[in-house]
Asks: 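Mind looking over this structure? Questions follow.
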Number of protein chains: 2
Amino acid sequence: MTERSRPLRADAARNRARVLQVAYETFAQEGAAVPIDEIARRAGVGAGTVYRHFPTKESLFQAIVADRMHQVIERALAQAAADPGEGLYAFLFQMAEQGATDLGLTDAVAGVGFDLAEALPDAERKFMDTVADILARSQRAGTVRSDVDAADIKTLIVGLQAMRRFRGDSELMHRVYPLIRAGLAVPEPPRSA
Amino acid sequence: MTERSRPLRADAARNRARVLQVAYETFAQEGAAVPIDEIARRAGVGAGTVYRHFPTKESLFQAIVADRMHQVIERALAQAAADPGEGLYAFLFQMAEQGATDLGLTDAVAGVGFDLAEALPDAERKFMDTVADILARSQRAGTVRSDVDAADIKTLIVGLQAMRRFRGDSELMHRVYPLIRAGLAVPEPPRSA
DNA sequence: GCCTAACCGGAACGGTCGCCCCGATTATAC
DNA sequence: GTATAATCGGGGCGACCGTTCCGGTTAGGC
């Protein structure tokens, strides 16, 4: 984002990339509670090196979440363009799945220990815009009831991520996910004849 | 549970009750991360006194969760007996509401930082039996589809608690809860005529 | 090849928390 | 009232974690 006055030295650039990559995988698998020392150890550098590139633990976490968020949004928009009717359902399931294997992203979306809207207002706004967009497409396609809004969907994502962490992949997909889908579907009008 | 060989001294019994009461309220409002020293301070005793009655922080937490769980189960069974059709829905909403204002209970149900099934197998089994019972009653009353089981309901409870923590009371009740309810309702057979 | 500025790593600091210890205190039996 | 045994409470220990510091090392221009 911010231009450096001078390019990083080769070893510094290499270490920065390694730290980012290791932190990415580690936060995803074990959540945001992993100590910086541990990330430094796995990256093969000292803790001081981590702090030189990222002044606080939160700044490292933010850099990763912003990137992850970007990926999720891009993928969701592509899916929604390809199949508007399924777009929202695909997005919901993708977020549930991602959130379970990516504890950092879950915490960020749910605002646990790190206020996404405050720390990365652009990412938060773009995320909500994307949700609204995908939702609107599916509603126009007639596969989602019209009386839900983007905030409702975000709430469902938070819930689904919690469920996915609690229960296995296939069980959630085969047993609980259909219930959510049935709840979001356009209700059948009451049969009067 | 276990009988004491000699009754507690009067001041000891009073302190024990105070600690339990304060811990009950504190864990409910602020989650299980509150330090023991803080609970001791609020109860007006020293940390040593807390540890004399409860050898570890977890044992104190367990004592509280077991009690809360008992209350929730009793109340749910009474509701289900009074109105079987609404029993499951009332239970779900009650658990969501309780879980949001009772972070300790939420953590216990979801198994975060404390394995309920391992630490209090009786409470866990009774909880699951109760869920199964209430669910079966509502299914017999025809208000809940027959292809969901108690494990699905528990998963939904975990999700609802997360949602409730994320969003306010009335919003969850008015906007998201109806979606869950619609998903659990007996599906209308497809109109062929 | 040399010089210097940039960078490295890990030891160390300050703060927090679970848990224990022990001199002081107090309830209870006689 | 006195003895005594249970209880009290707060200071302290050890572990952990985020962050800083600084002596040693190395990349890169000349």
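Every heavy atom of this structure was used, including side-chain atoms; hydrogens, water molecules and symmetry mates were not. Each chain gets a letter, A, B and so on, in the order the sequences are listed, and its residues count up from 1.
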Asks: Is it the case that more than 12 heavy atoms not belonging to A:Met173 sit under 6.0 Å from its CE atom?
Replies: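 No, not enclosed.
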
Asks: Taking all non-hydrogen atoms of both residues, which atom of B:Gly87 and which atom of B:Ser138 are closest, and how far apart?
Replies: N-OG, 3.9 Å

Asks: To the nearest angstrom, how far is B:Ile36 atom CD1 from D:dG12 atom P?
Replies: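 Going from CD1 in B:Ile36 over to P in D:dG12 covers 21 Å.
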
Asks: Take the protein atom CD of B:Glu38 and the nucleotide atom C1' of C:dC19, then report the distance between them rounded to whole Å.
Replies: 17 Å

Asks: Would you kindly compare B:Thr56 and A:Ala12 by the position of their nearest DNA chain C nucleotide and give the one closer to the 5′ end?
Replies: A:Ala12

Asks: Any side-chain N or O of B:His53 below 4.0 angstrom from OP1/OP2 of D:dC8?
Replies: yes

Asks: Give the rounded distance in Å between these two atoms: CZ of B:Arg41 and P of D:dG9.
Replies: 14 Å

Asks: Which atom pairs, donor and acceptor, lie under 3.5 Å between side-chain atoms of residues 30-39 of chain A and protein residues at least two apart or in another chain?
Replies:
| unit_1 | atom_1 | unit_2 | atom_2 | d |
| --- | --- | --- | --- | --- |
| A:Glu30 | OE1 | A:Arg42 | NH2 | 3.4 |
| A:Glu30 | OE2 | A:Arg42 | NH1 | 3.1 |
| A:Glu30 | OE2 | A:Arg42 | NH2 | 3.1 |
| A:Glu38 | OE1 | A:Arg41 | NE | 3.3 |
| A:Glu38 | OE2 | A:Arg41 | NH2 | 2.8 |
| A:Glu38 | OE2 | A:Arg42 | NE | 2.8 |
| A:Glu38 | OE2 | A:Arg42 | NH2 | 3.3 |

Asks: Which pair of heavy atoms, one from A:Leu172 and one from A:Pro178, lies closest together, and at what distance?
Replies: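 Closest pair (atom of A:Leu172, atom of A:Pro178, distance): O-CD, 4.3 Å.
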
Asks: If I take atom CD1 in residue B:Ile39 and atom C1' in nucleotide C:dC17, what distance separates them, rounded to the nearest angstrom?
Replies: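 It works out to 12 Å between those atoms.
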
Asks: Would you call the rings of B:Phe27 and B:Phe61 parallel, tilted or perpendicular, taking 30° and 60° as the class edges?
Replies: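 Plane angle over 60°, so perpendicular.
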
Asks: Using whole Å, report how far CG of A:Asp11 lies from C1' of C:dA5.
Replies: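 Rounded to the whole Å, the gap is 12 Å.
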
Asks: How close or far is atom P of D:dT26 from atom CZ of A:Arg14, stated in whole angstroms?
Replies: 12 Å

Asks: Once you round it to whole Å, what is the distance between P of D:dC8 and CZ of B:Arg16?
Replies: 12 Å

Asks: Send over the distance from A:Lys57 NZ to D:dT19 P, rounded to a whole Å.
Replies: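 The distance from NZ of A:Lys57 to P of D:dT19 comes to 8 Å, rounded to the nearest Å.
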
Asks: Would you say the side chain of B:Asp152 lies within less than 4.5 Å of the side chain of A:Glu171, judging by non-hydrogen atoms?
Replies: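 No, every pair of side-chain atoms sits at 4.5 Å or beyond.
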
Asks: Between protein and nucleic acid, restricted to nucleotides 10-13 of chain C and to nitrogen or oxygen atoms under 3.5 Å apart, what atom pairs and distances do you find?
Replies:
| unit_1 | atom_1 | unit_2 | atom_2 | d |
| --- | --- | --- | --- | --- |
| C:dG10 | O6 | A:Gly48 | N | 3.3 |

Asks: Where do B:Met128 and B:Lys154 come nearest, in terms of heavy atoms and distance?
Replies: SD-CD, 3.5 Å

Asks: Would you say A:Tyr51 reaches D:dT20's phosphate, i.e. side-chain N/O to OP1/OP2 under 4.0 Å?
Replies: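 Result: no.
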
Asks: Tell me whether the side-chain N/O atoms of B:Asn15 come closer than 4.0 Å to OP1 or OP2 in D:dT7.
Replies: no

